[in-house]
Number of protein chains: 2
Amino acid sequence: MSATLADVAAKAGVSRQTVSNAINTPRIVHPATLQRVMAAVDELGYAPNLHARRLRTSSARTIGIRLERHDDGIHGVLLDRFLHAVTEQAAGLDRHVLVFTADDADAEVAQIRSLSQRSLADAFVLTSTDHRDRRIDALAEAGIPFVAFGRPWDDGSAPHSWVDVDGRAGTREATDACLATGERVAFLGWPDGSGAGDERRGGWRDAMADAGLPADLDRAVEDDPAQAQAAAAELLAAGATSIVCASDTLALGAIGALSRADASVPVVGFDDTGVAAGLGFSSIDQNLGAVAAAVLELLHGEPAHRLVTPRLHRRANPRWGLPAQQSAAADGKDAS
Amino acid sequence: MSATLADVAAKAGVSRQTVSNAINTPRIVHPATLQRVMAAVDELGYAPNLHARRLRTSSARTIGIRLERHDDGIHGVLLDRFLHAVTEQAAGLDRHVLVFTADDADAEVAQIRSLSQRSLADAFVLTSTDHRDRRIDALAEAGIPFVAFGRPWDDGSAPHSWVDVDGRAGTREATDACLATGERVAFLGWPDGSGAGDERRGGWRDAMADAGLPADLDRAVEDDPAQAQAAAAELLAAGATSIVCASDTLALGAIGALSRADASVPVVGFDDTGVAAGLGFSSIDQNLGAVAAAVLELLHGEPAHRLVTPRLHRRANPRWGLPAQQSAAADGKDAS
DNA sequence: TCGATCCATTTGATCGTTCCAACGAACGTA
DNA sequence: TACGTTCGTTGGAACGATCAAATGGATCGA
């Protein structure tokens with residue numbers, strides 16, 4: 001059916017091993033031979049049989065990722081984007097991505113063990129890591145390479161590779177942008193105790209403190225538009241000139257409050273989901289492309305970590321958008 | 001490292017081939033031998049090396065699916081759910097799922113060709129099929145097994161396997177449910193020309209016609225909450241007692257109109273995304289589990305097709321929800 | 001001249017499975 | 001007794017690549 005190493009070797013008048021070298025370690029074959037071999041490869045449309053290679057080397061060059069069940073929506077979109085970014089960039093590194101499902105953390109570990117043992121995948125990405133994540137210890141103990149997307153909120157575990165988004169830097173940037181439109185920047189977030197949520201609130205506090213302003217307009221509700229709407233109404237009544245939110249879901253609720261109050265106040269969400277694009281409010285883009293790149297970089301090698309800086313995606317909707325950036329730092333400026 | 005066929009054979013006192021038979025075609029080995037072999041398998045924790053098997057049989061038992069770039073959000077969530085369902089059910093059939101990305105249809109076909117030739121995946125699922133889809137002819141011609149998620153809206157192509165959701169049945173069910181709360185059921189959909197959109201509008205028209213009511217409250221806008229809100233306001237002004245929408249995005253806009261008008265009117269969306277769950281409006285669930293099952297069923301075999309019936313996910317929010325179902329009949333009861 | 005070193009290439013073995021042809025034993029039939 | 005079938009099992013070859021060791025020439029210093 002398809003051409004094999006031996007076919008190419010015959011055509012180029014060399015041995016199989018030389019063809020193999022030409023493909024895997026070109027620098028050790030003579031330039032003239034290399035050229036001849038490559039010509040034969042092109043002519044025959046040869047592509048190495050990966051099963052044979054994997055059998056021999058017992059490595060798969062494949063990354064395993066669990067697909068989560070996402071009843072909530074927004075979280076799912078993010079993971080989906082992340083998966084897309086990882087897959088796209090993995091292809092550039094000549095790696096494939098195998099997906100699997102699992103009902104809980106233990107089932108996931110079992111799956112990973114199985115996939116790893118059969119060398120169907122030789123490195124894994126853990127998503128949605130939480131407090132005292134069982135998976136981390138299990139994989140570390142089994143010696144299976146992995147990178148976690150999400151920082152370890154406890155520091156009891158053995159050191160492992162992780163990548164996370166610097167939520168604090170994100171809300172700080174959003175708050176700074178909002179400050180340009182008025183001093184009373186409010187924050188609408190989640191109750192204390194969620195690592196990511198606390199970081200996001202911290203960024204707002206930092207920015208307000210640096211500006212010498214009080215961080216008093218602060219509300220905490222569950223990630224639900226109805227609750228957010230009620231809380232946002234209070235913030236507006238208290239004189240908020242803009243609202244920085246811990247998620248697009250909360251921002252959606254805040255915009256509901258704006259609509260009812262007929263107010264015109266910038267709202268900034270977090271995650272830059274389709275909701276933000278649809279309604280036209282600004283949102284903090286987690287920069288998942290950079291996260292994916294960092295994950296791939298850390299997949300092989302000593303434990304290390306990376307903190308990716310998100311960036312504010314400005315949208316200029318007249319009701320709840322942000323005005324164009326004034327300072328001509330990097331990109332184009334417009335009338336203000 | 002891991003146990004091999006030869007190890008099991010030695011332990012059970014039989015030849016490699018017998019072990020292979022015990023695993024792949026148990027019926028041809030003697031019951032007593034089978035039991036002895038299986039005991040050895042368990043004891044050694046033997047699992048076949050899939051690379052070796054795939055090399056020998058040149059089949060991968062793996063399904064390839066392209067991950068789409070989804071800037072729009074809602075579409076992405078659906079495909080993500082679908083992917084999850086396929087992966088989960090594929091595992092039950094001892095199959096794996098490999099994902100890949102591609103910038104356009106041609107690139108996707110090229111990728112599929114490559115994956116297929118190297119037998120990294122031996123069957124594929126096409127999503128987001130559109131009018132005169134180039135991919136279908138290309139794959140059919142290349143003899144690569146595939147199933148399309150989405151019916152062929154033109155009938156010019158060669159017959160191929162496809163699975164689709166019966167959108168018409170979905171909006172019909174939604175309309176019937178809405179009729180229980182008032183006669184003036186409106187439809188908020190997309191402009192004519194999109195196959196899926198036309199089907200959804202058709203379901204509403206059918207239900208209204210069966211009930212002997214005029215289908216006059218009908219608006220068509222792009223899939224954008226702002227436009228939807230304006231159109232929904234018109235429908236409310238014209239006396240709509242409920243609004244069936246072609247998507248959750250449109251329903252989101254409709255609810256915005258409700259909020260401003262302080263009206264209390266059932267709204268039904270389509271796709272049952274997180275937005276519907278978050279705001280608490282009813283929505284039509286595409287039943288992607290059933291779609292996935294159908295896809296897997298059709299992946300190997302003669303060209304065939306399946307039309308999956310979606311189901312209405314009722315939510316009883318007081319402002320825009322639906323009352324609990326009155327008739328305890330199973331479902332699919334025609335009004336007349 | 002001889003031997004050591006290096007470079008480019010080749011040869012044979014191997015990864016773990018399934019395919020293929022052959023095998024002996026048990027059985028029925030002539 | 002002899003012969004063809006069927007059943008359960010077996011050993012060797014093959015899938016297509018990489019690994020490890022060996023080969024034959026150049027090149028170079030002693």
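Just so we're on the same page: letters track the sequence lines, and every chain starts at 1.
B:Arg306 has no carboxylate O lying under 4.0 Å from a charged side-chain N of B:Asp164, or vice versa, which leaves the two without a salt bridge. A salt bridge does not link A:Arg135 to A:Asp106: none of the charged nitrogens lies less than 4.0 Å from a carboxylate oxygen.
The listed nucleotides are D:dA17, D:dG11, D:dC15; the one nearest the side chain of B:Gln17 is D:dG11. Among the nucleotides C:dT10, D:dA17, C:dG16, the one closest to the side chain of A:Val14 is C:dT10. With D:dA17, D:dT9, C:dT17 as the choices, the nucleotide that has an atom nearest any side-chain atom of B:Tyr46 turns out to be C:dT17.
Shown here for B:Ile63 and B:Arg95, the closest heavy-atom pair between the two residues is CD1-CD, 4.2 Å. Between A:Pro303 and A:Ser161, the shortest heavy-atom distance links the atoms CA-OG, 3.2 Å.
Regarding contacts with the backbone of C:dT18, a side-chain N or O of B:Ser20 is found under 4.0 angstrom from either OP1 or OP2.
Atom CZ of B:Arg118 is separated from atom C1' of D:dA17 by 13 Å (rounded to the nearest Å). Taking atom CG on A:Asn49 and atom P on D:dA14, their separation rounds to 17 Å, with Å as the unit. What separates CG of B:Leu55 from P of C:dC19 is a distance of 12 Å, to the nearest Å. If you take CG of B:Asn24 and C1' of C:dG16, they are 13 Å apart, rounded to a whole angstrom. Atom P of nucleotide D:dT9 and atom CZ of B:Arg27 are separated by 14 Å, given to the nearest angstrom. Rounded to whole angstrom, the span from the CG atom of A:Leu5 across to the P atom of C:dT14 amounts to 19 Å. A straight line from CG of A:Leu50 to P of D:dA17 spans 9 Å, rounded to a whole angstrom. Rounded to an integer number of Å, the gap from B:His30 NE2 to C:dA26 P is 12 Å.
Here A:Ser15 lies in heavy-atom contact (under 4.0 Å) with a base. Within the nucleic acid shown, A:Thr4 comes within 4.0 Å of sugar-phosphate atoms alone, with no base atom in reach, counting heavy atoms only. Within the nucleic acid shown, B:Arg54 has no heavy atom closer than 4.0 Å to any nucleic acid atom. Across all strands shown, A:Thr18 has heavy atoms under 4.0 Å from base atoms, whether or not it also approaches the sugar-phosphate.
Contact of B:Arg53 with C:dT17 (side chain to base): no donor-acceptor pair of N or O atoms is detected under 3.5 Å. Scanning atom types as modelled, no donor and acceptor separated by under 3.5 angstrom connect the side chain of B:Arg56 and the base of C:dT17.
Mapping B:Ala52 and B:Ile28 onto DNA chain D by nearest heavy atom places B:Ile28 at the nucleotide closer to the 5' end. If A:Arg16 and A:Asn21 are placed on DNA chain C by their nearest nucleotide, the residue sitting closer to the 5' end is A:Asn21. Each of B:Thr33 and A:His51 lies near DNA chain D, and the nucleotide nearest B:Thr33 is the one positioned closer to the 5' end.
Of the N and O atoms on the side chains of B:Gln286 and B:Asp272, not one donor lies less than 3.5 Å from an acceptor on the other residue.
A:Arg54 CZ to A:Asn49 CG: the interatomic distance, rounded to the nearest 0.5 Å, is 9.5 Å.
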